[in-house]
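Below is one structure, written out as structure tokens; the observations come after it.
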Amino acid sequence: MEQKEENRYSIIIPTYNERQNIALIVYLIFKHLVDVNFEIIVVDDGSPDGTQDIVKQLQRVYGEDRVLLRPRPRKLGLGTAYIHGLKHASGNFVVIMDADLSHHPKYLPSFIKKQIETDASIVTGTRYVKGGGVHGWTLMRKLTSRGANVLAQTLLWPGVSDLTGSFRLYEKSVLEDVISSCVSKGYVFQMEMIVRASRKGYHIEEVPITFVDRVFGSSKLGGAEIVEYLKGLVYLLVTT
């Protein structure tokens, strides 16, 4: 793959009870990023299911310099997980993605290629352009997600088609700048990140992806997260 030689990519993966998924996603990252300079930073929030034990086994296979385990004692929120991972990132670009295989590593080369071609500060995966989509969702969840995005688009005009996605590539300095101005936690954090970046005038590009519902385990999205999303939307409407 064509890439600037000096580029190094730090892939931050927050985990909580992802024992069944973490080995497969690490394998797929290595499979799809041949000849790319990267590291994987797993930020585990004290998973009781043995996720950290699996990551330690992966370190023996791939090397502790390629798979980094940077745990925290308990669940402390998605936003702070990225901040924690960022402290340990040695790359000049940072990828954030989920551990549950809903974000397939096969798209990573497209993210990197798009960034190199456009010199974008941020490349974000989107379900809502030609070539993108979702798989494994109920009609109700599709409508909820689509409705949430349409509502946010109407109120916030962020300039991107998928506000609630969490599969993104950032220039490290841009991520550090944007993340320092965000106050939201949980799932609202992703939306605030991209809205703040847009308001700051950063160059954002999109790559179509198909989001696949988690393969193993149960979804962590519930009614409380939806309420938080709506509160976050109002907050961003007032403050951006």
Side-chain angles (χ1 to χ4, degrees), residues 9-26 29 39-59 64 67-91 93-103 122 124-125 148 163-170 172-197 211 214 216-236 239-240:
Y9 301 87
S10 298
I11 303 170
I12 300 176
I13 306 178
T15 58
Y16 185 76
N17 286 350
E18 298 292 356
R19 177 188 177 93
Q20 293 175 293
N21 295 315
I22 191 64
L24 182 52
I25 196 166
V26 168
I29 290 170
E39 63 184 359
I40 299 171
I41 304 170
V42 179
V43 180
D44 184 74
D45 278 2
S47 297
D49 73 338
T51 297
Q52 291 184 32
D53 295 332
I54 300 297
V55 176
K56 289 172 184 175
Q57 292 179 40
L58 293 170
Q59 288 179 314
E64 293 185 16
V67 178
L68 288 67
L69 176 60
R70 298 295 181 263
R72 302 192 298 174
R74 62 187 184 282
K75 290 185 75 172
L76 295 168
L78 196 58
T80 57
Y82 293 135
I83 293 171
H84 183 74
L86 198 52
K87 292 176 183 176
H88 301 283
S90 64
F93 285 92
V94 175
V95 173
I96 60 174
M97 62 189 300
D98 293 346
D100 62 6
L101 302 173
S102 57
H103 300 152
I122 302 169
T124 182
L163 277 172
T164 55
S166 54
F167 193 4
R168 297 175 184 159
L169 181 152
Y170 289 87
K172 184 181 180 183
S173 59
V174 171
L175 179 56
E176 289 172 333
D177 177 38
V178 172
I179 214 168
S180 67
S181 62
C182 291
V183 300
S184 302
K185 296 180 180 179
Y187 293 90
V188 180
F189 181 76
Q190 303 294 358
M191 180 170 65
E192 181 174 7
M193 288 265 286
I194 208 72
V195 171
R196 298 281 182 200
F211 181 99
R214 63 163 45 245
F216 297 110
S218 58
S219 175
K220 302 175 183 73
L221 180 63
E225 283 75 22
I226 293 172
V227 171
E228 284 302 311
Y229 172 84
L230 294 173
K231 287 164 61 178
L233 196 61
V234 172
Y235 168 76
L236 290 173
T239 62
T240 62

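Keep in mind that what you see is a predicted model, and the values were worked out from it rather than measured. When reading the values below, keep in mind they use all heavy atoms of this one structure, side chains included, and skip hydrogens, waters and symmetry mates.
- Annotation for Ala197 and Ile122: closest pair CB-CD1, 3.4 Å, computed over non-hydrogen atoms.
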Worked check of side chain to side chain contact (heavy atoms under 4.5 Å, CB included) between Val55 and Asp44: CA-CA 10 Å; Val55 176; Asp44 184 74; over 6 Å; no
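- Expressed to the nearest 0.5 Å, how far OG1 of Thr80 lies from CD1 of Ile179 amounts to 9.0 Å.
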Verdict with reasoning, Glu18 to Ile13, per side chain to side chain contact (heavy atoms under 4.5 Å, CB included): CA-CA 11 Å; Glu18 298 292 356; Ile13 306 178; over 6 Å; no
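- No side-chain donor-acceptor contact under 3.5 Å links Glu64 to the backbone of Gln59.
- Under a 3.5 Å cut-off, the side chain of Arg168 and the backbone N or O of Gln190 do form a donor-acceptor pair.
- Here the straight-line distance linking atom OG1 of Thr124 with atom CD1 of Ile194 works out to 5.0 Å at 0.5 Å rounding.
- Summarising the geometry, atom OG belonging to Ser90 is positioned 13.0 Å from atom OH belonging to Tyr9; distances are rounded to the nearest 0.5 Å.
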Residue pair Ser166, Met193: steps toward the side chain to side chain contact (heavy atoms under 4.5 Å, CB included) verdict: CA-CA 10 Å; Ser166 54; Met193 288 265 286; over 6 Å; no
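- Listed for the Asp100 side chain is a donor-acceptor partner under 3.5 Å among the backbone atoms of Ser102.
- Taken from CG in Asp98 to OG1 in Thr15, the straight-line distance is 11.0 Å, to the nearest 0.5 Å.
- Expressed to the nearest 0.5 Å, how far CD of Glu176 lies from CG of Leu86 amounts to 5.0 Å.
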Test side chain to side chain contact (heavy atoms under 4.5 Å, CB included) applied to Lys172 and Ser10, step by step: CA-CA 9 Å; Lys172 184 181 180 183; Ser10 298; over 6 Å; no
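- Aromatic ring orientation, Phe167 versus His103: parallel (interplanar angle below 30°, classes split at 30° and 60°).
- At distances below 3.5 Å, not a single donor-acceptor pair connects side-chain atoms of Glu39 with backbone N or O atoms of Leu68.
- Just one of Arg72, Arg74, Lys75 meets the salt bridge (charged side-chain N to carboxylate O under 4.0 Å, His left out) condition when paired with Asp45; it is Arg72.
- The salt bridge (Lys or Arg N to Asp or Glu O under 4.0 Å) check on Asp177 picks up Lys200, with sequence neighbours excluded.
- Note that NE2 of His88 and CD1 of Ile41 are 7.5 Å apart. Values are rounded to the nearest 0.5 Å.
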